[in-house]
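Worksheet: one structure, shown below.
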2 protein chains.
Amino acid sequence: MTPGASTALPGRALDHPDRADIRLPQVLHALADPVRLSLVSALAATAAELPCSAFELPVTKSTCTHHFRVLREAGVIRQAYRGTAKLNALRRADLEALFPGLLDAILTAYTAPAQARRGA
Amino acid sequence: MTPGASTALPGRALDHPDRADIRLPQVLHALADPVRLSLVSALAATAAELPCSAFELPVTKSTCTHHFRVLREAGVIRQAYRGTAKLNALRRADLEALFPGLLDAILTAYTAPAQARRGA
DNA sequence: CATGAAGTACGAAGGTCCTCGTACAAGACG
DNA sequence: CGTCTTGTACGAGGACCTTCGTACTTCATG
């Protein structure tokens, strides 16, 4: 299942798509899920690397692993092991180079969704 | 003004979500499909209302109807009958008010996808 | 009226996705 | 070494999505 992607990482290695292999439909699909949208929003808010356990999600660990994998395989986040934890970080530079303004527009729309909806 | 184009349509009526009911995940999901992305791109390029038959799609009429319905129910386009034809138009103002910059970012990413992909 | 064009409704097949439970692997630590 | 934490792998169930074919409606026009 691992097509020779082993490098010099301490633990296991993870497959990430090259910047040139990131596709817009896949990114949009990855961000079209509420759970993943909240993950990405949390990552963008901290601007740091977070382990999976730092998120409070309404799903189980298995599902969490699944969502992180979808985000990673779409090219939205980068994951790296550090001990038993796995740190997650947004691929802001890659996304900005490929789709300028897209991530910010989505994060803005997600973080401030009420301005045009009601007076709240 | 076009006769009877404001309140009651001459033929059948179509359900459109209110601006306040447009949801980001649904919009992203609607735009995550290559067929629908091409539809939206074509609509944005002409900045006019187009009938369904104006698009050359690799799918049948039934599938085309389905995709237009997904876009309409997500709040991305507005549809109106005119005779036997059905005109489609982007809901740019609504989308821009709810998700500033989102549509432009997606259209830019879709229309000019090769600039940052050089060397691949 | 008859014909044709544009689009819809309905149902079906095949695939994908989200969620979960359970069993397991890798590292930290006493 | 034994145990705990963190996360994975695998499979299953149920829902949803995409695509199509066929029959149908609606409207324009000769």
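Protein chains get the first letters and strands the later ones, always in sequence-line order, with residue 1 at the start of each.
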Using a 3.5 Å cut-off and no angle test, enumerate the donor-acceptor pairs between side-chain atoms of residues 27-39 of chain A and protein atoms at least two apart in sequence or in another chain.
residue  : atom : partner  : partner atom : Å
Asp33(A) : OD1  : Val35(A) : N            : 2.8
Asp33(A) : OD1  : Arg36(A) : N            : 3.3
Arg36(A) : NE   : Ala30(A) : O            : 2.7
Arg36(A) : NH1  : His67(A) : ND1          : 3.0
Arg36(A) : NH2  : His29(A) : O            : 3.4
Ser38(A) : OG   : Val35(A) : O            : 2.7

Name each donor-acceptor pair under 3.5 Å that joins a side chain in residues 96-106 of chain B to protein atoms two or more places apart or in another chain, with its distance.
residue   : atom : partner   : partner atom : Å
Glu96(B)  : OE2  : Gly101(B) : N            : 3.1
Asp104(B) : OD1  : Arg92(B)  : NH2          : 3.2

So which protein nitrogen or oxygen atoms get under 3.5 Å of nucleotides 2-4 of chain D's nitrogens or oxygens?
none

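Shown for residues 50-60 of chain B: residues whose heavy atoms fall under 4.0 angstrom of DNA chain C, namely Pro51(B), Cys52(B), Ser53(B). Listed by residue number, His66(A), His67(A) are the residues of residues 65-74 of chain A with a heavy-atom contact under 4.0 Å to DNA chain C.
Under the rule for a salt bridge (Lys or Arg N to Asp or Glu O under 4.0 Å), the partners of Arg91(A) that lie at least two apart in sequence or sit in another chain are Asp94(A). For Ser62(A), the side chain to side chain contact (heavy atoms under 4.5 Å, CB included) partners are Thr60(A), not counting sequence neighbours. For Ser53(B), the side chain to side chain donor-acceptor pair (under 3.5 Å) test picks out no residue, with sequence neighbours left out. Residues passing the side chain to side chain contact (heavy atoms under 4.5 Å, CB included) test with Ser41(B), sequence neighbours excluded: Leu107(B), Tyr110(B), Thr111(B). Taking the side chain to side chain contact (heavy atoms under 4.5 Å, CB included) definition, one finds that Ala54(B) meets it with Leu50(B), Pro51(B), sequence neighbours left out.
Within the 4.5 Å cutoff, the side chain of Gln79(A) has no heavy atoms near those of the Arg69(A) side chain.
Here the shortest heavy-atom pairing between Ile22(B) and Ala74(B) reads CG2-O, 3.5 Å. Closest approach of Leu24(B) and Ala109(A) over heavy atoms only: CD2-CB, 4.0 Å.
The separation between Leu14(A) atom CG and dA26(C) atom P is 14 Å, rounded to whole Å. The CD1-C1' distance, from Ile77(B) to dG7(C), rounds to 14 Å in whole Å. Between Leu87(B) atom CG and dA6(C) atom P there is a gap of 13 Å when expressed in whole angstrom units. If you take CG of Leu39(A) and P of dG7(D), they are 12 Å apart, rounded to a whole angstrom. Rounded to an integer number of Å, the gap from CZ of Arg82(B) to P of dC27(D) is 14 Å.
The CD1 atom of Ile77(B) lies 7.0 Å from the NE2 atom of His16(B); values are rounded to the nearest 0.5 Å.
For Arg36(A), counting side-chain heavy atoms from C-beta on, the closest listed nucleotide (dG21(C), dT18(D), dC18(C)) is dC18(C). Closest to the Thr84(B) side chain, of the nucleotides dC20(D), dG7(D), dT26(D), is dT26(D).
Summary of the strand contacts: Lys61(A) and Asp33(A) both lie near DNA chain C, and taking for each the nucleotide with the nearest heavy atom, the more 5' one is attributed to Asp33(A).
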